[in-house]
Amino acid sequence: MNPFFPAAKVDDQPPAQIEPARPNVVAAIVARSQSPDVPRQLLGGRSLIAIQGKTVLEWIVSRLRHSKRLRNILVATTTDPADKEIIREAERLGVDWCVGSVDFVLERLLEAADQEGAEHVVRVNGNFPLVDMAAMDGLIGLHLANRADFSYNSHYHGLAYGMGVEVFSRKSLDRVRDLNLTFEQRLIGGLFMNQNPELFRILAAPADIPAPRLRVSVDYQPDIDLVSEILAQDPEADHQKVVDFLEARPELVRSQQITTAEEVGLEKILLFPDKVESMKRNNCVTVDETYPVSVELSLTNRCNLQCVWCSDADLRDRRHGEMDQETLFRLLIDLKTGGTRGITIEGGGEPTIHRHFLDVVDRARELGLHLGLISNGFFIPYAHRVRDFDWVRISLDAATPEQYLRTKGVDGFKRVVDNLMTLVDEKNGATLGVGYVVCKENDDPVELEKLVRMLRKIRVGYIHFRPVVDHPAM
(Lines give C-alpha, C1' and ligand atoms only; values in the text may rest on other atoms or scores of the structure.)
Protein backbone atom coordinates (compact mmCIF):
# COMPACT_ATOMS: atom_id res chain seq x y z
CA MET A 1 0.00 0.00 0.00
CA ASN A 2 1.18 3.47 -0.80
CA PRO A 3 1.34 5.32 2.52
CA PHE A 4 1.39 8.80 0.99
CA PHE A 5 -1.20 11.46 1.53
CA PRO A 6 -2.83 13.87 0.53
CA ALA A 7 -5.02 11.36 -1.26
CA ALA A 8 -6.63 11.28 2.22
CA LYS A 9 -6.59 7.49 1.96
CA VAL A 10 -4.08 4.68 1.43
CA ASP A 11 -3.84 3.77 -2.24
CA ASP A 12 -3.14 0.34 -3.69
CA GLN A 13 0.34 1.10 -5.02
CA PRO A 14 3.43 -0.63 -3.56
CA PRO A 15 5.92 1.52 -1.65
CA ALA A 16 9.38 2.16 -3.00
CA GLN A 17 12.10 -0.36 -2.17
CA ILE A 18 13.49 0.26 1.31
CA GLU A 19 17.02 1.62 1.12
CA PRO A 20 19.85 0.31 3.30
CA ALA A 21 20.75 2.09 6.52
CA ARG A 22 22.41 5.48 6.23
CA PRO A 23 24.63 7.17 8.84
CA ASN A 24 22.65 10.44 8.81
CA VAL A 25 19.64 9.66 11.01
CA VAL A 26 19.51 10.54 14.71
CA ALA A 27 16.80 10.06 17.30
CA ALA A 28 15.75 12.98 19.49
CA ILE A 29 13.83 12.03 22.62
CA VAL A 30 11.58 15.03 23.29
CA ALA A 31 11.21 15.50 27.03
CA ARG A 32 10.49 18.27 29.47
CA SER A 33 9.36 18.51 33.08
CA GLN A 34 6.07 20.28 32.46
CA SER A 35 4.16 20.54 29.19
CA PRO A 36 2.00 23.65 28.82
CA ASP A 37 -0.17 22.13 26.08
CA VAL A 38 -1.78 19.23 27.95
CA PRO A 39 -4.71 18.90 30.37
CA ARG A 40 -4.02 19.38 34.05
CA GLN A 41 -4.86 15.73 34.84
CA LEU A 42 -1.71 14.58 33.04
CA LEU A 43 1.34 13.54 34.98
CA GLY A 44 4.21 15.99 35.15
CA GLY A 45 7.83 14.95 34.51
CA ARG A 46 6.67 11.79 32.77
CA SER A 47 10.07 10.89 31.31
CA LEU A 48 11.50 10.63 34.84
CA ILE A 49 8.78 8.41 36.32
CA ALA A 50 10.18 5.07 37.52
CA ILE A 51 8.61 1.89 36.13
CA GLN A 52 9.99 -1.54 37.02
CA GLY A 53 13.12 0.05 38.49
CA LYS A 54 13.95 2.24 35.48
CA THR A 55 12.90 5.72 34.45
CA VAL A 56 10.71 6.04 31.37
CA LEU A 57 13.65 7.78 29.70
CA GLU A 58 15.91 4.81 30.48
CA TRP A 59 13.40 2.39 28.93
CA ILE A 60 13.30 4.51 25.78
CA VAL A 61 17.08 4.77 25.50
CA SER A 62 17.55 1.03 26.02
CA ARG A 63 15.10 0.33 23.19
CA LEU A 64 16.61 2.86 20.80
CA ARG A 65 20.03 1.30 21.25
CA HIS A 66 18.69 -1.78 19.45
CA SER A 67 17.96 0.22 16.29
CA LYS A 68 19.94 -0.65 13.17
CA ARG A 69 19.30 2.70 11.51
CA LEU A 70 20.25 5.36 14.06
CA ARG A 71 23.63 7.01 14.14
CA ASN A 72 23.08 8.55 17.55
CA ILE A 73 20.52 9.20 20.29
CA LEU A 74 19.93 12.58 21.95
CA VAL A 75 17.59 13.88 24.60
CA ALA A 76 16.04 17.12 23.31
CA THR A 77 14.86 19.18 26.26
CA THR A 78 14.37 22.89 26.89
CA THR A 79 16.11 25.89 28.34
CA ASP A 80 13.71 25.83 31.29
CA PRO A 81 15.80 25.47 34.49
CA ALA A 82 13.34 22.82 35.67
CA ASP A 83 14.59 20.55 32.87
CA LYS A 84 18.11 20.29 34.27
CA GLU A 85 16.99 17.10 35.99
CA ILE A 86 16.29 15.60 32.57
CA ILE A 87 19.77 16.60 31.44
CA ARG A 88 21.28 14.90 34.49
CA GLU A 89 19.33 11.73 33.70
CA ALA A 90 20.57 11.82 30.07
CA GLU A 91 24.14 12.11 31.31
CA ARG A 92 23.60 9.22 33.72
CA LEU A 93 22.40 7.10 30.80
CA GLY A 94 25.40 8.10 28.68
CA VAL A 95 23.46 9.84 25.91
CA ASP A 96 23.98 13.24 24.37
CA TRP A 97 21.53 16.07 24.94
CA CYS A 98 20.56 19.44 23.53
CA VAL A 99 18.32 22.25 24.69
CA GLY A 100 16.00 24.49 22.73
CA SER A 101 12.70 26.30 22.67
CA VAL A 102 10.31 25.73 25.55
CA ASP A 103 7.25 25.97 23.31
CA PHE A 104 8.31 24.79 19.85
CA VAL A 105 9.28 21.14 19.54
CA LEU A 106 10.39 21.41 15.90
CA GLU A 107 13.00 23.98 16.88
CA ARG A 108 14.39 21.49 19.39
CA LEU A 109 14.56 18.89 16.63
CA LEU A 110 16.45 21.39 14.49
CA GLU A 111 18.84 21.95 17.37
CA ALA A 112 19.45 18.20 17.49
CA ALA A 113 20.04 18.08 13.73
CA ASP A 114 22.46 21.02 13.93
CA GLN A 115 24.38 19.46 16.79
CA GLU A 116 24.74 16.13 15.00
CA GLY A 117 24.96 17.31 11.40
CA ALA A 118 22.02 14.98 10.69
CA GLU A 119 19.91 14.97 7.54
CA HIS A 120 16.95 13.29 9.26
CA VAL A 121 15.65 13.36 12.83
CA VAL A 122 13.38 10.80 14.48
CA ARG A 123 11.12 12.32 17.10
CA VAL A 124 10.46 9.99 20.04
CA ASN A 125 8.16 11.27 22.74
CA GLY A 126 9.64 11.17 26.23
CA ASN A 127 6.59 9.37 27.63
CA PHE A 128 6.73 6.41 25.19
CA PRO A 129 8.61 3.59 27.01
CA LEU A 130 7.16 0.97 24.62
CA VAL A 131 8.22 2.52 21.31
CA ASP A 132 8.41 -0.30 18.71
CA MET A 133 11.93 -0.58 17.28
CA ALA A 134 11.14 -2.77 14.27
CA ALA A 135 8.33 -0.45 13.25
CA MET A 136 10.60 2.57 13.74
CA ASP A 137 13.41 1.14 11.62
CA GLY A 138 10.89 0.20 8.94
CA LEU A 139 9.47 3.73 8.95
CA ILE A 140 12.95 5.24 8.63
CA GLY A 141 13.61 3.00 5.65
CA LEU A 142 10.39 4.03 3.92
CA HIS A 143 11.04 7.68 4.75
CA LEU A 144 14.49 7.56 3.12
CA ALA A 145 13.42 5.51 0.12
CA ASN A 146 10.49 7.78 -0.68
CA ARG A 147 12.37 11.01 0.05
CA ALA A 148 9.64 12.09 2.43
CA ASP A 149 9.62 15.33 4.38
CA PHE A 150 7.56 14.03 7.28
CA SER A 151 6.70 10.42 8.12
CA TYR A 152 4.76 8.85 10.98
CA ASN A 153 3.31 5.46 11.92
CA SER A 154 0.78 6.15 14.68
CA HIS A 155 -2.50 7.12 13.03
CA TYR A 156 -5.86 5.74 11.88
CA HIS A 157 -4.23 2.78 10.08
CA GLY A 158 -1.20 2.60 12.34
CA LEU A 159 0.28 1.60 15.68
CA ALA A 160 -1.19 1.96 19.14
CA TYR A 161 -0.54 5.44 20.51
CA GLY A 162 2.67 5.29 22.53
CA MET A 163 4.56 2.93 20.20
CA GLY A 164 5.06 5.13 17.16
CA VAL A 165 7.49 7.84 16.10
CA GLU A 166 7.78 10.69 13.62
CA VAL A 167 10.62 11.22 11.14
CA PHE A 168 11.53 14.65 9.77
CA SER A 169 13.94 15.55 7.01
CA ARG A 170 16.33 18.32 7.86
CA LYS A 171 15.15 20.21 4.78
CA SER A 172 11.54 20.17 5.98
CA LEU A 173 12.56 21.49 9.41
CA ASP A 174 14.49 24.30 7.76
CA ARG A 175 11.47 25.09 5.60
CA VAL A 176 9.20 25.36 8.66
CA ARG A 177 11.70 27.64 10.34
CA ASP A 178 11.77 29.94 7.30
CA LEU A 179 7.99 30.15 6.97
CA ASN A 180 6.24 33.11 8.56
CA LEU A 181 4.12 30.99 10.91
CA THR A 182 1.94 32.14 13.77
CA PHE A 183 2.73 31.16 17.34
CA GLU A 184 -0.04 28.54 17.20
CA GLN A 185 1.19 27.03 13.92
CA ARG A 186 4.69 26.68 15.31
CA LEU A 187 3.27 25.17 18.47
CA ILE A 188 1.54 22.27 16.70
CA GLY A 189 4.73 21.35 14.83
CA GLY A 190 4.39 18.17 12.80
CA LEU A 191 0.65 18.62 12.62
CA PHE A 192 1.24 21.79 10.59
CA MET A 193 3.15 19.70 8.03
CA ASN A 194 0.46 17.04 8.03
CA GLN A 195 -2.21 19.63 7.32
CA ASN A 196 -0.27 21.20 4.46
CA PRO A 197 0.48 18.37 2.03
CA GLU A 198 0.87 20.87 -0.78
CA LEU A 199 4.05 22.08 0.96
CA PHE A 200 5.44 18.80 2.31
CA ARG A 201 5.76 15.22 1.14
CA ILE A 202 3.92 13.20 3.80
CA LEU A 203 4.21 9.48 4.48
CA ALA A 204 1.87 7.65 6.85
CA ALA A 205 3.09 4.07 7.23
CA PRO A 206 0.32 1.55 8.00
CA ALA A 207 0.64 -1.17 10.61
CA ASP A 208 0.04 -4.87 9.95
CA ILE A 209 -2.48 -4.81 12.80
CA PRO A 210 -3.84 -1.27 13.10
CA ALA A 211 -4.71 -0.33 16.68
CA PRO A 212 -5.63 3.38 16.64
CA ARG A 213 -7.89 3.11 19.69
CA LEU A 214 -5.28 1.61 22.00
CA ARG A 215 -2.87 3.71 24.06
CA VAL A 216 0.26 2.72 26.00
CA SER A 217 1.83 6.12 26.58
CA VAL A 218 2.54 7.25 30.13
CA ASP A 219 0.14 10.14 30.56
CA TYR A 220 -2.15 9.41 33.52
CA GLN A 221 -1.70 7.59 36.80
CA PRO A 222 -3.43 4.36 35.64
CA ASP A 223 -0.99 4.13 32.72
CA ILE A 224 1.89 3.41 35.08
CA ASP A 225 0.33 0.15 36.25
CA LEU A 226 -0.57 -0.90 32.72
CA VAL A 227 2.86 -0.21 31.22
CA SER A 228 4.54 -1.74 34.26
CA GLU A 229 2.67 -5.01 33.77
CA ILE A 230 3.58 -5.13 30.07
CA LEU A 231 7.27 -4.50 30.76
CA ALA A 232 7.30 -7.06 33.59
CA GLN A 233 6.07 -9.73 31.18
CA ASP A 234 8.29 -8.76 28.24
CA PRO A 235 10.72 -5.80 28.41
CA GLU A 236 11.10 -5.90 24.63
CA ALA A 237 7.42 -6.36 23.72
CA ASP A 238 6.63 -5.28 20.16
CA HIS A 239 3.36 -4.00 18.78
CA GLN A 240 1.86 -7.43 18.21
CA LYS A 241 2.58 -8.53 21.77
CA VAL A 242 1.24 -5.32 23.25
CA VAL A 243 -1.98 -5.55 21.24
CA ASP A 244 -2.42 -9.21 22.29
CA PHE A 245 -1.86 -8.23 25.92
CA LEU A 246 -4.35 -5.37 25.83
CA GLU A 247 -7.02 -7.42 24.09
CA ALA A 248 -6.66 -10.07 26.81
CA ARG A 249 -6.90 -7.49 29.61
CA PRO A 250 -9.88 -5.23 28.83
CA GLU A 251 -10.10 -4.09 32.45
CA LEU A 252 -6.69 -2.43 32.12
CA VAL A 253 -7.72 -0.73 28.90
CA ARG A 254 -10.85 0.59 30.58
CA SER A 255 -8.75 1.99 33.39
CA GLN A 256 -7.09 4.29 30.85
CA GLN A 257 -10.31 6.05 30.01
CA ILE A 258 -10.27 9.58 31.38
CA THR A 259 -13.57 11.28 32.10
CA THR A 260 -13.97 14.80 30.80
CA ALA A 261 -16.39 17.54 31.63
CA GLU A 262 -19.78 17.07 29.98
CA GLU A 263 -22.11 19.91 29.16
CA VAL A 264 -25.19 17.69 28.99
CA GLY A 265 -26.12 14.33 30.45
CA LEU A 266 -28.82 12.58 32.45
CA GLU A 267 -26.46 12.25 35.42
CA LYS A 268 -26.59 16.03 35.89
CA ILE A 269 -29.84 15.65 37.78
CA LEU A 270 -27.83 14.08 40.60
CA LEU A 271 -26.12 17.42 41.13
CA PHE A 272 -29.43 19.04 42.10
CA PRO A 273 -31.04 17.06 44.95
CA ASP A 274 -33.47 19.90 45.63
CA LYS A 275 -34.87 19.48 42.14
CA VAL A 276 -35.20 15.76 42.69
CA GLU A 277 -37.05 16.39 45.96
CA SER A 278 -39.42 18.79 44.22
CA MET A 279 -40.27 16.16 41.64
CA LYS A 280 -40.74 13.54 44.37
CA ARG A 281 -43.11 15.80 46.33
CA ASN A 282 -45.32 16.13 43.27
CA ASN A 283 -45.32 12.31 43.13
CA CYS A 284 -45.45 12.50 39.33
CA VAL A 285 -49.19 13.42 39.62
CA THR A 286 -49.13 17.20 39.38
CA VAL A 287 -46.84 19.34 37.29
CA ASP A 288 -43.50 20.30 38.82
CA GLU A 289 -43.87 24.08 38.93
CA THR A 290 -40.25 24.87 39.71
CA TYR A 291 -38.26 26.26 36.79
CA PRO A 292 -35.87 24.04 34.83
CA VAL A 293 -32.35 23.84 36.24
CA SER A 294 -30.90 24.75 32.84
CA VAL A 295 -32.50 26.71 30.00
CA GLU A 296 -31.44 27.10 26.37
CA LEU A 297 -31.74 30.66 25.13
CA SER A 298 -31.78 31.61 21.43
CA LEU A 299 -30.98 35.29 21.04
CA THR A 300 -31.49 35.51 17.28
CA ASN A 301 -32.29 33.46 14.21
CA ARG A 302 -29.89 35.51 12.08
CA CYS A 303 -26.66 33.78 11.04
CA ASN A 304 -23.43 34.63 9.27
CA LEU A 305 -22.94 31.14 7.76
CA GLN A 306 -24.94 28.99 5.34
CA CYS A 307 -24.60 25.42 6.64
CA VAL A 308 -26.07 22.96 4.14
CA TRP A 309 -27.80 20.93 6.89
CA CYS A 310 -29.31 23.92 8.71
CA SER A 311 -32.80 23.09 9.98
CA ASP A 312 -33.59 26.77 10.59
CA ALA A 313 -32.81 28.05 7.11
CA ASP A 314 -36.45 28.04 5.97
CA LEU A 315 -37.57 29.94 9.07
CA ARG A 316 -34.76 32.41 8.57
CA ASP A 317 -35.83 33.01 4.97
CA ARG A 318 -39.41 33.68 6.06
CA ARG A 319 -38.67 35.86 9.04
CA HIS A 320 -35.61 37.43 10.56
CA GLY A 321 -35.97 37.97 14.26
CA GLU A 322 -34.14 38.47 17.50
CA MET A 323 -35.05 39.26 21.08
CA ASP A 324 -34.61 42.86 22.20
CA GLN A 325 -32.48 43.77 25.20
CA GLU A 326 -35.36 44.74 27.47
CA THR A 327 -37.15 41.45 26.88
CA LEU A 328 -33.97 39.48 27.44
CA PHE A 329 -33.20 41.23 30.73
CA ARG A 330 -36.75 40.62 32.03
CA LEU A 331 -36.47 36.98 31.03
CA LEU A 332 -33.15 36.52 32.82
CA ILE A 333 -34.57 38.02 36.02
CA ASP A 334 -37.63 35.79 35.80
CA LEU A 335 -35.52 32.66 35.25
CA LYS A 336 -33.27 33.51 38.19
CA THR A 337 -36.29 34.16 40.43
CA GLY A 338 -37.88 30.90 39.36
CA GLY A 339 -34.86 28.82 40.32
CA THR A 340 -33.01 28.35 37.03
CA ARG A 341 -29.30 27.88 37.65
CA GLY A 342 -27.77 28.05 34.19
CA ILE A 343 -28.33 29.41 30.68
CA THR A 344 -27.02 27.93 27.44
CA ILE A 345 -26.81 30.73 24.89
CA GLU A 346 -27.24 29.18 21.46
CA GLY A 347 -29.40 29.59 18.40
CA GLY A 348 -31.49 29.11 15.67
CA GLY A 349 -28.96 31.65 14.55
CA GLU A 350 -25.48 32.73 15.63
CA PRO A 351 -25.76 34.31 19.11
CA THR A 352 -22.55 36.33 18.98
CA ILE A 353 -23.89 38.56 16.19
CA HIS A 354 -26.73 39.78 18.43
CA ARG A 355 -26.04 43.47 19.04
CA HIS A 356 -26.50 43.05 22.79
CA PHE A 357 -24.66 39.74 23.18
CA LEU A 358 -22.11 41.00 25.71
CA ASP A 359 -24.79 42.93 27.59
CA VAL A 360 -26.73 39.68 28.03
CA VAL A 361 -23.58 37.95 29.30
CA ASP A 362 -23.00 40.79 31.76
CA ARG A 363 -26.58 40.69 33.08
CA ALA A 364 -26.62 36.91 33.44
CA ARG A 365 -23.39 36.99 35.43
CA GLU A 366 -24.67 39.81 37.64
CA LEU A 367 -27.66 37.61 38.49
CA GLY A 368 -25.39 34.70 39.38
CA LEU A 369 -26.48 32.50 36.48
CA HIS A 370 -24.03 29.98 35.09
CA LEU A 371 -23.42 30.29 31.35
CA GLY A 372 -22.69 27.98 28.46
CA LEU A 373 -22.26 29.02 24.83
CA ILE A 374 -22.74 27.22 21.51
CA SER A 375 -21.31 29.28 18.65
CA ASN A 376 -19.82 28.82 15.19
CA GLY A 377 -16.67 30.58 16.40
CA PHE A 378 -16.45 32.95 13.45
CA PHE A 379 -16.71 35.95 15.77
CA ILE A 380 -15.39 35.88 19.32
CA PRO A 381 -16.28 39.27 20.86
CA TYR A 382 -16.04 37.54 24.25
CA ALA A 383 -12.43 36.37 23.74
CA HIS A 384 -11.06 38.52 26.55
CA ARG A 385 -13.69 37.21 28.95
CA VAL A 386 -14.30 33.61 27.94
CA ARG A 387 -13.88 32.76 31.63
CA ASP A 388 -17.37 34.23 32.15
CA PHE A 389 -18.66 30.95 30.70
CA ASP A 390 -18.61 27.54 32.36
CA TRP A 391 -18.18 26.01 28.92
CA VAL A 392 -18.00 27.02 25.27
CA ARG A 393 -18.61 24.70 22.33
CA ILE A 394 -17.53 25.84 18.87
CA SER A 395 -19.36 24.24 15.94
CA LEU A 396 -16.45 23.59 13.57
CA ASP A 397 -18.15 20.83 11.53
CA ALA A 398 -15.25 20.42 9.09
CA ALA A 399 -11.80 18.85 9.11
CA THR A 400 -10.32 20.84 6.21
CA PRO A 401 -10.72 24.31 4.69
CA GLU A 402 -12.28 22.73 1.61
CA GLN A 403 -14.92 20.92 3.67
CA TYR A 404 -15.69 24.09 5.59
CA LEU A 405 -16.25 26.14 2.44
CA ARG A 406 -18.32 23.38 0.83
CA THR A 407 -20.62 22.78 3.80
CA LYS A 408 -20.81 26.19 5.47
CA GLY A 409 -20.62 28.53 2.49
CA VAL A 410 -17.73 30.64 3.83
CA ASP A 411 -13.94 30.31 3.65
CA GLY A 412 -13.55 30.37 7.43
CA PHE A 413 -11.77 27.21 8.61
CA LYS A 414 -8.43 28.85 9.43
CA ARG A 415 -10.16 31.78 11.08
CA VAL A 416 -12.18 29.54 13.40
CA VAL A 417 -9.14 27.39 14.28
CA ASP A 418 -7.16 30.54 15.09
CA ASN A 419 -10.08 31.72 17.24
CA LEU A 420 -10.08 28.38 19.06
CA MET A 421 -6.41 28.88 19.90
CA THR A 422 -7.17 32.34 21.23
CA LEU A 423 -9.97 30.98 23.41
CA VAL A 424 -7.72 28.22 24.76
CA ASP A 425 -5.24 30.82 25.93
CA GLU A 426 -7.97 32.84 27.66
CA LYS A 427 -10.29 30.15 29.03
CA ASN A 428 -8.81 29.96 32.57
CA GLY A 429 -10.90 27.03 33.80
CA ALA A 430 -13.76 27.16 31.31
CA THR A 431 -14.34 23.93 29.36
CA LEU A 432 -13.71 24.50 25.65
CA GLY A 433 -14.96 21.95 23.14
CA VAL A 434 -15.73 21.50 19.46
CA GLY A 435 -19.00 20.39 17.90
CA TYR A 436 -18.94 18.37 14.68
CA VAL A 437 -22.04 17.58 12.63
CA VAL A 438 -21.18 14.48 10.58
CA CYS A 439 -22.51 14.01 7.05
CA LYS A 440 -21.27 12.51 3.81
CA GLU A 441 -19.46 15.76 2.99
CA ASN A 442 -17.14 15.69 6.02
CA ASP A 443 -16.84 12.08 7.25
CA ASP A 444 -13.42 11.17 5.81
CA PRO A 445 -11.80 9.16 8.67
CA VAL A 446 -8.25 10.19 7.77
CA GLU A 447 -9.07 13.89 7.83
CA LEU A 448 -11.09 13.43 11.02
CA GLU A 449 -8.09 11.82 12.70
CA LYS A 450 -5.86 14.72 11.70
CA LEU A 451 -8.43 17.14 13.10
CA VAL A 452 -8.69 15.30 16.43
CA ARG A 453 -4.90 15.21 16.76
CA MET A 454 -4.72 18.93 16.07
CA LEU A 455 -7.48 19.78 18.54
CA ARG A 456 -5.81 17.72 21.24
CA LYS A 457 -2.50 19.43 20.55
CA ILE A 458 -3.96 22.92 20.90
CA ARG A 459 -5.63 21.87 24.17
CA VAL A 460 -9.29 21.74 23.15
CA GLY A 461 -11.05 19.72 25.85
CA TYR A 462 -13.31 17.48 23.75
CA ILE A 463 -15.04 17.00 20.40
CA HIS A 464 -18.75 16.19 20.18
CA PHE A 465 -19.82 14.25 17.06
CA ARG A 466 -23.46 14.21 15.94
CA PRO A 467 -24.92 12.76 12.73
CA VAL A 468 -27.23 14.58 10.33
CA VAL A 469 -30.39 12.47 10.52
CA ASP A 470 -33.14 14.62 9.02
CA HIS A 471 -31.69 15.99 5.79
CA PRO A 472 -32.31 13.94 2.60
CA ALA A 473 -29.13 15.15 0.88
CA MET A 474 -26.75 14.70 3.80
Ion pair check, [X] and [Y], cut-off under 4.0 Å:
{"X": "Arg330", "Y": "Glu326", "answer": "yes"}
{"X": "Asp362", "Y": "Arg385", "answer": "yes"}
{"X": "Arg215", "Y": "Asp219", "answer": "yes"}
{"X": "Asp174", "Y": "Lys171", "answer": "no"}
{"X": "Glu366", "Y": "Arg363", "answer": "yes"}

Exam field: side chain [X] to backbone [Y], donor-acceptor pair closer than 3.5 Å:
{"X": "Arg387", "Y": "Ala430", "result": "no"}
{"X": "Gln403", "Y": "Ala399", "result": "yes"}
{"X": "Asp444", "Y": "Val446", "result": "yes"}
{"X": "Asn442", "Y": "Cys439", "result": "yes"}
{"X": "Asp324", "Y": "Thr327", "result": "yes"}
{"X": "Arg459", "Y": "Asp425", "result": "no"}
{"X": "Asp223", "Y": "Tyr220", "result": "yes"}
{"X": "Thr340", "Y": "Gly342", "result": "no"}
{"X": "Ser298", "Y": "Thr300", "result": "no"}

Within this structure, what is the [atom1]-[atom2] distance for the pair [X] and [Y], rounded to the nearest 0.5 Å?
{"X": "Ile458", "Y": "Asp418", "atom1": "CD1", "atom2": "CG", "result": "9.0 Å"}
{"X": "Glu166", "Y": "Met136", "atom1": "CD", "atom2": "CE", "result": "13.5 Å"}
{"X": "Glu441", "Y": "Lys408", "atom1": "CD", "atom2": "NZ", "result": "13.0 Å"}
{"X": "Arg453", "Y": "Asn194", "atom1": "CZ", "atom2": "CG", "result": "6.5 Å"}
{"X": "Met323", "Y": "Asn301", "atom1": "CE", "atom2": "CG", "result": "12.0 Å"}
{"X": "Ile29", "Y": "Asn127", "atom1": "CD1", "atom2": "CG", "result": "11.5 Å"}

How close do [X] and [Y] get, counting heavy atoms only, and between which atoms?
{"X": "Leu159", "Y": "Ala135", "answer": "CD1-CB, 3.8 Å"}
{"X": "Glu107", "Y": "Ser101", "answer": "OE1-CB, 3.6 Å"}
{"X": "Val392", "Y": "Phe389", "answer": "CG2-CB, 3.8 Å"}
{"X": "Phe378", "Y": "Arg415", "answer": "O-NE, 2.9 Å"}
{"X": "Thr77", "Y": "Arg32", "answer": "OG1-CA, 4.1 Å"}
{"X": "Ala364", "Y": "Leu371", "answer": "CB-CD2, 3.8 Å"}

Any non-hydrogen side-chain atom of [X] less than 4.5 Å from a side-chain atom of [Y]?
{"X": "Trp97", "Y": "Leu74", "value": "no"}
{"X": "Met421", "Y": "Glu426", "value": "no"}
{"X": "His143", "Y": "Ser169", "value": "yes"}
{"X": "Thr78", "Y": "Val99", "value": "no"}
{"X": "Leu139", "Y": "Val165", "value": "yes"}
{"X": "Val437", "Y": "Trp309", "value": "yes"}
{"X": "Phe192", "Y": "Leu179", "value": "yes"}
{"X": "Tyr382", "Y": "Leu358", "value": "yes"}

Testing the 3.5 Å rule here: is there a donor-acceptor pair between the side chains of [X] and [Y]?
{"X": "Glu350", "Y": "Thr352", "result": "yes"}
{"X": "Thr422", "Y": "Asn419", "result": "no"}
{"X": "His239", "Y": "Asp132", "result": "no"}
{"X": "Thr55", "Y": "Glu89", "result": "yes"}

Glu229, CD: over 12 other non-hydrogen atoms inside 6.0 angstrom =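 Atom CD in Glu229 is packed in, count exceeds 12.
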
Residues in side-chain contact (heavy atoms from CB on, under 4.5 Å) contact with Ile51, at least two apart in sequence or another chain =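 Listed in chain order: Ile49, Val56, Trp59, Val218, Ile224, Val227, Ser228, Leu231.
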
Who passes side-chain contact (heavy atoms from CB on, under 4.5 Å) against Ser395, sequence neighbours left out?
->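 For Ser395 the side-chain contact (heavy atoms from CB on, under 4.5 Å) partners, ignoring immediate neighbours, are Ile374, Asp397.
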
Pairs meeting criterion ring-ring contact (aromatic ring centres under 6.0 Å, His included) with involvement of residues 433-459, two or more places apart |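 Sorted result for residues 433-459: Tyr436-Phe465.
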
Of all pairs that satisfy ring-ring contact (aromatic ring centres under 6.0 Å, His included), the ones with a partner from residues 322-347, not counting sequence neighbours =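 Non-adjacent pairs meeting ring-ring contact (aromatic ring centres under 6.0 Å, His included): zero.
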
Mind checking what makes side chain to side chain donor-acceptor pair (under 3.5 Å) contact with Ser154, not counting sequence neighbours?
->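 Ser154 satisfies side chain to side chain donor-acceptor pair (under 3.5 Å) with no residue once adjacent residues are dropped.
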
Which residues pass the side chain to side chain donor-acceptor pair (under 3.5 Å) test with Asp334, sequence neighbours left out?
->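 Scan of Asp334 (side chain to side chain donor-acceptor pair (under 3.5 Å), adjacent residues dropped) gives Tyr291.
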
Going through the checks in order, is the side-chain contact (heavy atoms from CB on, under 4.5 Å) test met by Leu405 and Val410?
-> CA-CA 5 Å; Leu405 177 60; Val410 174; 5.6 Å; no

Parallel, tilted or perpendicular: rings of Phe150 and Phe168 (30°, 60°) =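 Geometry flag for Phe150 against Phe168: tilted rings.
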
side-chain contact (heavy atoms from CB on, under 4.5 Å) between Asp411 and Tyr404, worked out = CA-CA 7 Å; Asp411 184 12; Tyr404 196 96; over 6 Å; no

Pair Glu85-Leu48, side-chain contact (heavy atoms from CB on, under 4.5 Å): steps then yes or no = CA-CA 9 Å; Glu85 190 175 354; Leu48 300 179; 3.6 Å; yes

Go through Ile463 and Leu451 one step at a time and tell me if the side-chain contact (heavy atoms from CB on, under 4.5 Å) criterion holds.
-> CA-CA 10 Å; Ile463 183 167; Leu451 175 69; 4.2 Å; yes

